[in-house]
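Numbering of residues begins at 1 and proceeds along the displayed sequence. Fair warning: this is a prediction, and the values are worked out from it, not measured in the lab. When a ligand or atom number is given, it counts from 1 through the structure's own listing order.
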Amino acid sequence: MSESTPAIILDCDPGHDDVVAIVAAARHTDLLGITTVAGNAPLDRTTYNARVMRDLLGLEVEVHSGAAGPLVVAPAFAGYVHGESGLDGAELPEPTTPLDGTDAARFIVDTIHARPGCHLVVTGPMTNIALALVQDPSIRDDLAGISFMGGGTFGNRTPTAEFNIWADPHAARVVVDSGIPLIMAGLDVTHQFQATSDRIDRVRAIGGPLATVLSDLFTFFSANYRERHDDLEGAAVHDPLAVLALTHPSLFSVAERFVAVVDSGELTRGMTVVDRRTLVDRPTPNCRVLETVDAPAAWDVIVEAIAAARG
Ligand code: BDR
Ligand code: CA
């Protein structure tokens, strides 16, 4: 059971863990639409992958593609994590439902005004969100908040930078400096949520097309993570935590922090600076930073959502 059913727009770059965010959103939110951005793979591929998931889940939500590249820096993808398709490791059914539009920023603006009090959940580079804010700054007033996967006190793309923030640091700055209430699912918390072998086995045991695709994706994703890390038992399943932070907040411990994004510097591009000082004279927090997650309970939520989607 969700603790609450927020209305959300999910902006994503599927991506193995993005598709798990879509599953969680389908089960536990009032999903107003899915928007896609270039990130883990080029835009045509992340959009294709989102459409595949919409069909697999039988979702009746619009999918709109958005930015094909970042605001300022050169595009860079994450084939080394997700494969060139963004979803290597599983046989994906061809999507049969068409794309609904190619202007994600416009869709985001219109949907937020039509549904005041909704949230944005962002699990890829923040380009579409920055473009929406530039196009219509008044969306701030109608948004309840933005829950995003990104950042942390350590990096994965560079020693200091997490991929989503690094991939479009200028967009991330626009969003993080916007004054909109933020929730950050950074690497500190997402590395606690791993697709271990026994957890993948539970998904496979559900049976049916969706669970088969997802368990194949988890198997590829985790093998890749284990090969590239010497301290992880499976892939860090980052993105669904940005959804669960809204739908199942009791799974997390949280700290109110001031967070800033660094948009340049050979060693610092894409770094999130999380102010953990206890000085009385510190900046006012702009972000709820997720610190810990009850990983077994969060995995139960994901398994239940997959089983429920199977019908
Ligand atoms: C983030 O980057 C991508 O590889 C994942 O989908 C996640 O959103 C983790 O750094
Ligand atoms: Ca992602």
Just jot down the ligand 1 atoms closer than 4.0 angstrom to any heavy atom of [X], in number order.
X	answer
T123	8 (O)
F163	2 (O), 10 (O)
N156	9 (C), 10 (O)

Pair E233 + R199: basic N to acidic O under 4.0 Å: no

Tell me yes or no: between the side chains of [X] and [Y], is some donor less than 3.5 Å from an acceptor?
X	Y	answer
T35	N128	no
T5	D30	no
S85	D88	yes

Within a strict 4.5 Å, meaning less than it, do heavy atoms of the [X] and [Y] side chains meet?
X	Y	value
P283	D275	yes
L267	T158	no
L210	L57	yes

Tell me the protein heavy atom at minimum distance from [atom], and give that distance in Å.
atom	answer
atom 9 (C) of ligand 1	E162 OE2, 3.1 Å
atom 8 (O) of ligand 1	D239 OD1, 2.6 Å
atom 3 (C) of ligand 1	N40 OD1, 3.0 Å

I need the OD1(D18)-the Ca ion (ligand 2)-O(T123) angle, rounded to 10 degrees.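 OD1 of D18 and O of T123 make an angle of 130° at the Ca ion (ligand 2), to the nearest 10°.
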
Test of ring centre spacing under 6.0 Å for H16 and F218: no

Which bit of T190 is near ligand 1, meaning a heavy atom under 4.0 Å away: side chain, backbone, both or neither? neither

For ligand 1, is any non-hydrogen atom under 4.0 Å from D17's backbone (N, CA, C, O), its side chain (CB onward), both, or neither? side chain

Consider ligand 1: state whether an atom of it lies below 4.0 angstrom from any non-hydrogen atom of H82. yes

Considering just N/O/S atoms, say which atom of D239 is closest to the Ca ion (ligand 2). OD2

D13: its N/O/S atom lying closest to the Ca ion (ligand 2) (atom name): OD1

